[in-house]
Amino acid sequence: SQFQESVFLQFLGLDKVPSPQTVQPVPSILKKIFQDREAAATTGDSHGLCYIKDLGIQGNILRLLLDQGRFLYPKKPSQASSCLQKLLYFNLSSITDKEELTMAQLGLDLGPTTYYKLGPELELALSLVEEPHVGDWPVPLPGKMLVLQSVPWPQGVVHFNLLRVAKGWRNNPWKNLGLLLEILVKGNRDVGVNFQLQDTCARLRRSLRASLLVVTLHPEQCHPSSRKRR
Amino acid sequence: EAVPAPQAFCRNLCHRHQLFINFRDLGWHKWIIAPKGFMANYCHGECPFSLTTSLNSSNYAFMQALMRAVDPEVPQAACIPTKLSPISMLYQDNDDNVILRHYEDMVVDECGCG
């Protein structure tokens, strides 16, 4: 029966029975799409499974990829105002060659009250890592800057479109060296604020969660006739 | 004039039966987040030649039944799903990623002889 199970798992697109280490929270967008599909199934309306109305894009497989990166602790921060640095890494290998990437959205959960009552504003910088990490150098060299934006408080999840970047990683997997996330403090700081900031940066380090919502379209499961007419 | 078929005979004819797939029974509840299970159903029953036309049969089943009348070695038409529908599944993979995708032909909606 184990053999038969593995055959069926292959049909589901899995190599073996998954054994997740921790139960991940399901993002509300995935919950809603799932519930809408269940409701459509009960009414016998199974059309439109290859168009995701909530996101306004074509696609039939949604994956929430978890960040497999790590926090960086440079001996000399790149800037005096650096609050934290993290290497973000997303493994796209589960996406098969036949699938067409239609969306890649980075979600950074900064925690709901991270910046509550925080004096200075923070700035978020996201850059592509383009050079392989060599030797004892603790921090990879940042490449092309993708995002540089202020982050006002209070915060929740901020999203960034990484479709072009993810397409590049899929075409050249060896180029997927991750992303360098840096959170900086804007403006001058006095001693009191500096103390508060250390606390904030430590809390931010604990609460920061990164994920990549990837949507793909499998052409064999989505025939042109079943696609939504524009 | 139609002759009513015996009750026991009707019960044996090809039709859809209820089958609930409970992922817990398969041990899959550890990685499938939702649904917990689904009504998959199955087809079972006889496809006698005399009732081929009334049992949602395909043209092929009709021809097979005709051939069987000529050559008894030709097997009787089988009771099979004639209409299937997909379900969506939300699960976690080995990297703890959360995945939502739909799978075709998971639920038997209608049965017939084919």
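Every chain is numbered from 1, with letters handed out A, B, ... down the list of sequences. All values reported here derive from a predicted model rather than from experimental measurement.
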message: Rounded at 0.5 Å granularity, tell me how far CG in A/L30 sits from OG in B/S88.
response: 11.0 Å

Identify every side-chain donor-acceptor pair in residues 27-38 of chain B under 3.5 Å, counting partners at least two apart or on other chains, and give the distances.
| unit_1 | atom_1 | unit_2 | atom_2 | d |
| --- | --- | --- | --- | --- |
| B/W28 | NE1 | A/E5 | OE2 | 2.6 |
| B/K36 | NZ | B/I33 | O | 3.2 |

Side chain to side chain contact (heavy atoms under 4.5 Å, CB included) partner of B/V98, the single match among A/L64, A/L66, A/L213: A/L64

Nearest-0.5 Å distance that lies between atom CD in A/E99 and atom CZ in B/R101: 6.5 Å

query: Taking side chain as C-beta onward, heavy atoms only, is B/I99 less than 4.5 Å from A/L62?
result: no

query: How many angstroms lie between CD in A/E220 and CD in B/E104, if you round to the nearest 0.5 Å?
result: 12.0 Å

- prompt: So with a 6.0 Å cut-off around CG of B/N59, is the heavy-atom count from everything else above 12?
  reply: no

query: If you draw a 6.0 Å radius around CE in A/M145, do more than 12 non-hydrogen atoms from other residues or ligands fall strictly inside?
result: yes

- request: For atom NE2 of B/H17, decide whether the heavy atoms of other residues, nucleotides or ligands shown that lie under 6.0 angstrom number more than 12.
  value: yes

message: Between A/I29 and chain B, with a heavy-atom cut-off of 4.5 Å, which part of the residue counts as in contact: side chain, backbone, both or neither?
response: neither

- prompt: Is atom OH of B/Y60 surrounded by more than 12 heavy atoms (other residues, nucleotides or ligands) closer than 6.0 Å?
  reply: no

task: Measure the spacing between CG of B/D95 and CZ of A/F90 and express it to the nearest 0.5 Å.
output: 12.5 Å

task: Identify which of B/L100, B/V107, B/N94 forms the greatest number of heavy-atom pairs closer than 4.5 Å to chain A.
output: B/L100

Distance-only check: which donor-acceptor pairs under 3.5 Å involve side-chain atoms of residues 12-26 of chain A, not counting sequence neighbours?
| unit_1 | atom_1 | unit_2 | atom_2 | d |
| --- | --- | --- | --- | --- |
| A/Q21 | NE2 | A/S19 | O | 3.4 |
| A/T22 | OG1 | A/Q24 | NE2 | 3.0 |
| A/T22 | OG1 | B/D96 | OD2 | 3.3 |

field: chain A contact via B/M39 - side chain, backbone, both or neither, heavy atoms under 4.5 Å
entry: neither

